[in-house]
Amino acid sequence: MSDYNAIRSRVIQVAFAAAFLIIIAQLFNLQVLSGKYSRMADDQAIYRRVVYPSRGLVFDRKGKVILDNTTLFDLVVIPSQLKGVDTGFICRIFNIDTAEFRKRVVGAIIKNGRYQPSVFQGLLDDSLYARLQERLYTIQPGFDLVERPIRKYPYNGAAHIFGYLGEVDPRFLEKHADEGYKMGDYTGLTGIERSYEKVLMGQRGIQYWLRDKMNRPTQRYEGGKFDTAMVAGSTLYSTIDIELQMLGEQLMAGKVGSLVAIDPQTGGVLAMVNAPTYNPNLLTGSQRRAQFSKLYSDPALPLYNRSITGEYSPGSTFKTLQAVIGMQEGVITDSTGYPCTGRYNGCGNGKPGCHGAGHSPNLKSAIAVSCNSYFAHVFRLIVDQQRYGGVDSGIAVWGKHLADFGLGHRLGVDLPGEKPGLIPDAKRYVKTFGPKWNSCNVVSVAIGQGEVNSTILQLANAIAMIANKGSYFTPHVIDSIEGGDKFGLLAPYRKKIKAADIPDHMFESVHEGMDAVVQGPTGTARRMKIEGVVMCGKTGTVENYFKGKKQRDHSFFAAFAPRKNPQIAIACIVENGGFGGTIAAPIVSLMVEKYMNDTISK
């Protein structure tokens with residue numbers, strides 16, 4: 001019997017011990033391992049508030065703030081706290097029904113879970129904010145108002161340089177999983193907002209607040225001991241001259257085209273004008289989505305950055321490069337002439353035509369009057385040289401020279417979306433004309449037409465390189481970053497790039513011709529003189545076809561100034577503008593005068 005009692009006692013002891021261990025294990029699970037009940041307990045007393053940082057400011061080259069911040073508010077929802085909240089007030093104020101309300105709450109749960117705040121309605125205007133603030137106590141703790149810094153553009157311009165922000169989506173979060181973004185965050189999508197996102201974005205802060213019996217935030221939990229400080233984004237110092245930029249936008253208003261101005265000494269972009277453009281303030285605030293849809297569907301393509309994405313035949317501005325390559329290859333000198341009869345007869349068909357006769361006794365004159373016959377002759381002398389053994393090799397040499405001038409490939413500007421342009425090669429021509437193609441088949445490229453394409457940025461950079469007599473810095477918008485370049489973003493813009501050794505006197509010969517374009521008595525831009533400034537330029541009138549039908553010509557002008565110690569290189573296209581000397585040249589002349597003299601004369 002005693003044995004039975006002993007066994008019975010042991011069984012009871014084991015059962016109690018097991019039960020005790022189970023209780024201990026469950027408590028451990030609830031209090032330590034399970035975050036659900038921990039969060040439920042904390043949510044009753046502690047509120048986690050996200051503090052969004054101000055993005056970095058941007059200054060122009062003269063110290064003016066050209067990209068700033070202001071503050072709006074987001075209405076955020078915490079789904080787990082919605083019980084007892086006046087949701088009818090929310091539906092009325094946003095003019096939504098209960099189905100839409102539930103849809104937004106479910107979306108918030110999918111994005112961030114039941115216990116974390118998610119944006120219910122973002123970027124409230126002043127009227128909505130005031131109405132919500134007045135009745136905030138009736139919608140807490142399920143809803144709260146959170147400050148959201150947004151962009152402000154003091155000059156209402158330079159939209160394509162700055163770019164715009166957008167809310168991150170699941171695809172973006174997956175691609176940038178290690179960069180700390182969360183649903184509801186905004187990121188740069190275009191322009192320098194995208195290129196310099198790492199330094200502009202800053203770091204979000206987190207605040208923990210205690211609630212009162214009405215579930216309203218009252219004071220910092222533990223005096224802010226567990227808070228994370230918000231860190232504002234870094235300031236950027238740009239190369240942009242905002243007054244020059246705004247003048248360019250004024251001059252290009254009502255037109256379609258682009259204008260790019262560069263400092264040849266540094267590669268810094270002084271102005272980048274696209275037409276049509278838009279007021280960047282349209283893409284901030286509560287109407288951002290509606291305004292973006294309107295701009296996106298506009299057939300005039302105001303969101304399109306023609307300066308780096310548009311690819312155009314450069315026309316007669318291209319002749320300046322042909323001149324340098326011809327001298328470098330030894331097929332011409334500055335005294336070489338050509339007996340132009342008003343058309344090029346070297347291929348037997350009189351093409352390309354010219355606008356005069358007997359006006360190209362030397363290189364300077366050929367540039368000044370823009371003789372098509374002269375440069376068709378020069379192109380064929382380059383690619384048909386016997387030492388290259390055939391036109392396939394000759395065109396490759398020609399293309400290599402143009403690549404040295406930054407054509408046919410992306411330059412690497414600090415803006416997303418740059419296109420490479422096109423310098424055709426033998427493979428392309430064999431496919432088009434067959435293996436026995438010759439230089440007469442493609443002579444139109446001699447005058448910057450046919451298959452040659454460049455962006456306006458590339459053209460401005462090539463003119464900067466001519467101004468510098470063979471070197472350039474990669475064009476860029478940002479010069480320096482507050483606190484230093486921690487990510488090495490500016491390193492590519494510090495290195496001088498130099499073409500193959502070209503003697504200075506060859507560039508001087510081209511300078512002579514470009515000088516005569518503006519200052520000479522027969523120059524194609526002789527009415528564009530600027531008092532006290534020697535501007536060297538080149539006009540271009542580019543034939544323009546659409547679906548095989550001739551349209552009005554594109555108007556080009558490219559220039560640098562002054563001739564000695566150049567300070568600005570600039571290129572402009574006005575689509576369907578007509579003669580280069582009539583439309584694009586006056587725009588460039590005014591821009592150069594403004595930059596050089598800080599004013600425009602009467």
Quiz question: by atom type and distance under 3.5 Å, do the side chains of Asn156 and Asn281 form a donor-acceptor pair? yes
Going by atom types only, do Ser316 and Lys538 share a side-chain donor-acceptor pair under 3.5 Å? no
In this structure, CE of Met272 is separated from CG of Leu415 (nearest 0.5 Å) by 5.5 Å
Less than 4.0 Å between a side-chain N and a carboxylate O, is that true for Arg55 and Glu197? yes
Taking the six-membered ring for Trp, are Tyr153 and Phe162 parallel (under 30°), tilted (30 to 60°) or perpendicular (over 60°)? tilted
Without swapping roles, check the side chain of Gln567 against the backbone of Tyr595 for a donor-acceptor pair under 3.5 Å. no
Strictly distance-based, threshold 3.5 Å: is any side-chain N or O of Thr187 a donor or acceptor partner for the main-chain N or O of Val168? no
Short side-chain donor-acceptor distance under 3.5 Å, Glu311 and Thr455: no
Between the side chains of Arg104 and Gln121, is a donor N or O closer than 3.5 angstrom to an acceptor N or O? yes
Under 3.5 Å side-chain donor-acceptor pair for Ser258 and Ser307: yes
With under 30° as parallel and over 60° as perpendicular, where do the rings of Phe73 and Tyr129 fit, or are they tilted in between? parallel
Phe59: which of Ile66, Ile242, Asp479, Thr235 passes side chain to side chain contact (heavy atoms under 4.5 Å, CB included): Thr235
If we count only N and O atoms by modelled type, under 3.5 Å, do the side chains of Asp553 and Asn544 hold a donor and an acceptor together? no
Look at Lys294 together with Asp298 and state whether they make a salt bridge at an N to O cut-off of under 4.0 Å. no
When you compare the side chains of Glu575 and Tyr312, does any donor N or O come within less than 3.5 Å of an acceptor on the partner? yes
Taking the inter-plane angle between the rings of Tyr429 and Phe433 on a 0 to 90° scale, is it parallel (under 30°), tilted (30 to 60°) or perpendicular (over 60°)? tilted
Please determine whether ring-ring contact (aromatic ring centres under 6.0 Å, His included) holds for the pair Tyr52 and Tyr186, giving the CA-CA distance in whole Å, both sets of side-chain angles, and the decisive distance to 0.1 Å. CA-CA 10 Å; Tyr52 290 98; Tyr186 281 71; 8.4 Å; no
Taking the six-membered ring where the residue is Trp, are the ring centres of Phe405 and His401 under 6.0 Å apart? no
Less than 4.0 angstrom from a charged side-chain N to a carboxylate O is my criterion; do Glu543 and Lys550 meet it? no
Salt bridge check: are Asp241 and Lys62 linked by an N-O gap of less than 4.0 Å? yes
Less than 6.0 Å separating the ring centroids of Tyr181 and Phe172? yes
If you define the side chain from C-beta out and look only at heavy atoms, does anything of Val256 sit under 4.5 Å from Val574? no
Ignoring hydrogens and angles, state whether a donor on the side chain of Lys319 or Asn372 is under 3.5 Å from an acceptor on the partner side chain. yes
Can a side-chain donor-acceptor contact be found between Asp515 and Gln519 if the only test is distance below 3.5 angstrom? yes
For Asp425 and Ile395, work out which heavy atoms get closest and say how close. C-CG2, 4.2 Å
